[in-house]
Amino acid sequence: MKPSEAQSTYNEIFSLLEKHHSWMRDTVNLIASENVHSPAVREAMQVDFSDRYAEGWPGERVYAGTKYIDEVEILGNELTKTLFRADFADVRPISGVLANLSILTAFTEPGDRMMCLSIPTGGHISSARHRLWGTAGRVRGLKIQYFKYDEYELNIDVDATIRKIERLKKKGKHIDFYMFGASVFPFPHPITEIAEVAKGYGSYVNHDAAHVAGLVAANIFQDPLREGANSLTFSTHKTLPGPQGGCIVAHEEFADRIKRGVFPALHSNHHLHHVAAKAVAMAEMIAFGKEYSKQIIKNAQALGSALMEEGFKVLAEHKGFTKSHVLLIEVANSPLQNGRAVEEKLEEANIIINRNLLPWDKRFGRDYIRPGGIRLGTSEVTRLGMKEEEMSQIAEFMRKIVFDQKSPKLVAKEVAQFRKKFQKVHYAFDTARDAYDYVKLR
Ligand code: DSN
């Protein structure tokens with residue numbers, strides 16, 4: 001490539017970035033694992049920390065030049081401890097998967113056995129088996145057993161799981177590690193009774209709160225460290241609206257091993273600008289997290305009701321659809337027939353959602369390419385200030401695409417018009433910039 005061509009590609013990159021920002025201003029984003037962070041979090045992410053090294057723990061660094069980095073990281077850990085009511089916090093993991101792998105590295109050996117949720121029942125790929133290239137199976141070499149799952153309740157079946165644990169134990173198949181948490185997580189997991197059995201056998205219990213970290217922080221979903229979990233791993237960019245990244249909180253007795261699982265085992269340098277941004281997000285959540293999280297849940301429940309009224313089959317109606325930010329909807333019997341077709345048509349209409357396997361999809365020969373369901377989350381629309389009334393409007397847009405087969409291009413215009421009023425981030429100290437402003441530094 002000639003230098004002049006490099007310059008035009010360089011220009012094209014920036015043009016694509018600006019187009020993305022401009023598109024985000026017009027869209028309704030209902031991806032359950034995403035959110036929009038505040039201008040303050042964005043400011044913290046673009047500081048010089050991104051060019052520095054600070055391997056290790058504050059006060060025990062392998063590099064010089066870290067005096068301010070250390071102070072910010074200590075503040076980040078302290079804010080996280082306050083927010084999660086925890087003795088120990090480590091804001092260094094650079095993703096949720098690496099937070100999980102750090103814990104698995106600290107508390108398991110290859111060949112150990114882990115119990116978690118399967119992917120069709122909401123489990124995450126970081127917990128999956130060797131043959132699925134899951135992190136726990138393929139990278140850490142763990143054998144995987146699944147929690148028994150109640151497809152109607154959309155939750156772990158406690159009695160059947162305990163019977164399974166005892167049955168496996170009798171066969172000499174001890175479970176060394178329990179991973180609660182999920183990527184489809186509408187209802188709190190029943191940790192207490194299972195953790196009691198697990199701990200009776202000397203096993204370790206972690207809760208992967210990636211999706212629900214903000215709700216756990218606000219103490220309105222579940223409180224895993226008080227319900228029997230030894231530690232909590234999570235990502236910092238879902239219901240907790242920080243930068244992309246991971247985090248661990250735990251009871252003090254597990255701190256030393258966790259620190260070593262993070263460094264040196266899995267991170268050389270961690271991402272210091274993201275540590276700064278995480279610290280800012282934790283402060284925002286201490287101040288605004290309760291109010292924000294309550295509205296996320298109210299909006300998810302309102303969206304569930306509104307979608308039912310529009311003709312969608314929203315799961316778990318008998319329990320009010322959800323107690324978190326997430327909804328699961330069966331679309332296999334809709335005119336579009338599968339989650340992928342729904343995802344594609346809605347995207348054309350400026351509504352961003354994702355397709356999702358339903359617990360029973362495999363039995364109907366469906367896979368994750370064309371699953372029977374879609375998953376929706378209300379974290380981002382809530383951050384933009386939307387309330388229950390707007391959820392009805394969103395459900396109406398979705399009905400026009402999925403059931404009325406209206407032109408996505410026309411609906412896209414209506415969605416963009418609807419979005420005009422919701423351009424600021426709420427639940428933050430500073431909101432001078434709009435949520436999706438493109439900030440030029442060149
Ligand atoms: N894959 C993400 C999700 O959408 O749930 C979690 O990492």
Side-chain angles (χ1 to χ4, degrees), residues 24 27-37 93-104 116-129 132-140 149 154-155 179-189 206-216 221 232-248 266 271 274 278 281 296 300 315 322-329 331 339-340 342-344 346-347 351-359 361 367-369 371-383:
M24 287 299 107
T27 60
V28 165
N29 187 317
L30 297 167
I31 302 266
S33 52
E34 295 182 6
N35 207 331
V36 56
H37 52 242
I94 63 170
S95 73
V97 168
L98 281 172
N100 281 341
L101 190 54
S102 299
I103 287 284
L104 294 178
C116 58
L117 280 172
S118 67
I119 289 177
T121 61
H124 188 244
I125 189 65
S126 60
S127 290
R129 288 183 167 152
L132 299 172
W133 289 79
T135 316
R138 181 66 60 162
V139 181
R140 191 57 185 152
Y149 192 76
L154 294 185
N155 210 338
M179 181 71 89
F180 287 92
S183 288
V184 179
F185 205 171
F187 300 105
H189 280 171
N206 183 67
H207 187 279
D208 178 351
H211 266 264
V212 294
L215 314 180
V216 168
F221 182 67
L232 198 67
T233 44
F234 52 95
S235 45
T236 49
H237 49 268
K238 296 187 170 95
T239 49
L240 196 159
Q244 289 262 349
C247 192
I248 304 172
L266 280 159
H271 296 171
H274 282 199
K278 284 174 195 173
I296 288 178
L315 301 187
T322 185
K323 288 195 184 322
S324 74
H325 63 306
V326 80
L327 294 167
L328 201 55
I329 295 151
V331 292
R340 185 184 184 136
V342 172
E343 180 185 275
E344 285 173 354
L346 286 175
E347 182 176 324
I351 298 175
I352 318 285
I353 60 118
N354 72 277
R355 63 185 186 272
N356 215 95
L357 271 178
L358 300 175
D361 269 351
D367 59 19
Y368 75 94
I369 304 288
I374 58 171
R375 182 187 69 165
L376 308 180
T378 52
S379 310
E380 185 151 344
V381 290
T382 308
R383 195 90 206 275

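Counting starts at 1 for both ligands and their atoms, following the listed order.
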**Report entry** Leu104 to Arg140 - nearest heavy-atom pair and separation
**Finding:** O-NE, 3.3 Å
Report task. Could you check if a side-chain atom of Pro243 sits within less than 4.5 angstrom of a side-chain atom of Lys278, using non-hydrogen atoms only? Result -> yes
Report summary line: Looking only at heavy atoms, the pair that brings Ser183 and His124 closest together is OG-CD2, 3.3 Å
Query - Shortest non-hydrogen contact from Ser127 toward Met179 - result: OG-CG, 3.7 Å
Query raised in the report: Which heavy-atom pair separates Ile296 from Thr378 by the least distance, and what is that distance?
Result: O-OG1, 2.8 Å
Requested in this report: Tell me the residues surrounding ligand 1, counting only those with a heavy atom closer than 4.0 angstrom, sorted by chain and number.
Outcome: Ser33, His124, Ser183, His211, Lys238, Arg375
Query raised in the report: Are Glu380 and Leu30 close enough that some pair of their side-chain heavy atoms sits under 4.5 Å apart?
Result: no
